[in-house]
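For reference, the structure is listed below as structure tokens.
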Amino acid sequence: EGRVIRRLVCLTERVEDLITEFDRRVTLGIELDDDATLLMLTYSTRDDRRYRSYKKLATWCPSVRKLVHSVVEDSELSCIYSKLNKGADGARADDTTRLKVTIASWLMQATPPPNPVIHGQSKMGRGFNNDATGRLICPVDYDWSDPVVQQGIRDYHPDYRVTAHSWPAFLYRDERYDPLNPTDGLFKGKLLLKTFKYIFTSPTSAELDDQEQTSPAMLSTQGPPKQRRTDGERRTRCDLRFALSSTGSWRIVDDEFNHQEFYDNIVDFLELAATSDAVKEVEDLLLWWNRKVFGRKHASVYRPQRTEQLSVARCSSRR
């Protein structure tokens, strides 16, 4: 069960910390199950984020639900936590190792291929040291095609800082960002979609442009398709960003780029839409992802019809 945690629950938190936050809220009488109520609270503190992550943990790891309602010795608890955390970190290590090779292969298929060459077994020559990867992880607030920008980023110039306060270009469709319409194409990058398919469906599906023959059952985890999309997509973005960088081993902070802040910004965008227009924007984005991953034939699974409003139900209500 632990292997699902880094993919669908949280980026870095330990299991015991999430359960401790749940216990704290129960003790204080502020444990909440209503998502609508949670959204009305200030969701900027670490405790609030931990509690939301705990709710996902309880969804994806059924044993956790039993654990919090049982009497277990401290030594046994420590053992269970250790196994879950080990599984979580092991899954992340496996994903990052595989993606290091796969991303290099995908990028080297370009015509002309990147120069210098991107090697599958090495992170050297990636990141901002290579035009192919630099273009993808460059903050959209800068123009990577400008040599001054490239040099400024490589020299760590304060006018060209790379932080989680700017979206990387690979998140956008065709790496194109419109400052007048900043959400247009956001989270629709081609490489991002391929990476998600590679992790959550199969390596073969990642090579297909349209998933007409893929069903939701092919996913490697269980749960509602919509929740799998939101939970899995944000993790995929962090994995892809790391694979494109020149950092040799996983770390939360890469120079000035904080992966945890990046992850949190994505969570906020998807889960804390403040207006009805923003909610619809997220719903449309999730529909786009479901159609891209599952194809058009499986719409009834991830967006069921409101049958009570259709003709058969209306006729039945008159009898």
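Hydrogens, waters and symmetry mates are skipped; everything else that's a heavy atom, side chains included, is used.
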Side chains of Q260 and T12: donor-acceptor distance under 3.5 Å anywhere?
yes
Query raised in the report: Do D255 and R161 sit within salt-bridge range, that is, some charged N less than 4.0 Å from a carboxylate O?
Result: no
Sub-4.5 Å side-chain heavy-atom contact between D47 and Y51:
no
Step through the shown structure and confirm whether more than 12 heavy atoms of other residues, nucleotides or ligands are within 6.0 Å of CD on Q109. yes
**Asked** Taking NZ, NE, NH1 and NH2 as the nitrogens, is one of them in R52 or E271 under 4.0 Å from a carboxylate oxygen of the other?
**Response** yes
>> With heavy-atom distances below 4.5 Å as the criterion, would you say the side chains of N258 and D264 are in contact?
In response: no
Would you say L191 and V101 are hydrophobically clustered, going by side-chain heavy atoms of ILVMFWY under 4.5 Å?
no
Between E21 and R24, is there a salt bridge with N-O shorter than 4.0 Å? yes
Does D95 come within less than 4.0 Å of R92, counting only side-chain N to carboxylate O?
no
Heavy atoms of A313 and T307 approach each other most closely as CB-O, 3.2 Å
Distance col, row T201:OG1 vs F294:CZ, nearest 0.5 angstrom, shows 8.5 Å
The remaining residues in the hydrophobic cluster of V253, counting side-chain heavy-atom contacts under 4.5 Å among Ile, Leu, Val, Met, Phe, Trp and Tyr, are I252
Between D239 and R7, does at least one N-O distance fall below 4.0 Å, as a salt bridge requires? no
- Query: Is a side-chain donor or acceptor of N85 paired with a backbone partner of V15 at a separation under 3.5 angstrom?
  - Reply: yes
**Message:** Test of understanding: clusters of I, L, V, M, F, W, Y form through side-chain heavy atoms closer than 4.5 Å, transitively. Do M108 and Y198 belong to the same one?
**Reply:** yes
*Taking the side chain as C-beta and beyond, is there a heavy-atom pair between D268 and R49 under 4.5 Å?*
yes
Note: S245 and D254 closest approach over all heavy atoms is CB-OD2, 3.7 Å
Exercise for the section: Report yes if the side chains of L77 and L67 come closer than 4.5 Å at any heavy-atom pair, otherwise no. Expected result: yes
Heavy-atom nearest pair, L18 first then Y54, reads O-CB, 3.7 Å
dist I5:CD1 -> R14:CZ (nearest 0.5 Å) comes out at 9.0 Å
Rounded to the nearest 0.5 angstrom, the CZ-OG1 distance for R65 and T59 is 6.5 Å
**Message:** Tell me whether Q150 contacts the main-chain N or O of W144 through its side chain, where contact means a donor paired with an acceptor under 3.5 Å.
**Reply:** yes
Electrostatic pair R98-D94, nearest N-O below 4.0 angstrom:
no
### Parallel, tilted or perpendicular: rings of F200 and F196 (30°, 60°)
parallel
(Q) For the residue pair R237 and F262, would you count it as a cation-pi contact if the rule is NZ or CZ under 6.0 angstrom from the ring centre and within 45 degrees of the ring axis? (A) no
N129 side chain vs G125 backbone, donor-acceptor pair below 3.5 Å: no
(Q) Using modelled atom types and a 3.5 Å cut-off, is there a donor and acceptor pairing between side-chain atoms of R154 and backbone atoms of F128? (A) yes
For this session: Flag the pair F242 / W250 as yes when their ring centroid distance falls below 6.0 Å, and as no otherwise.
Result: yes
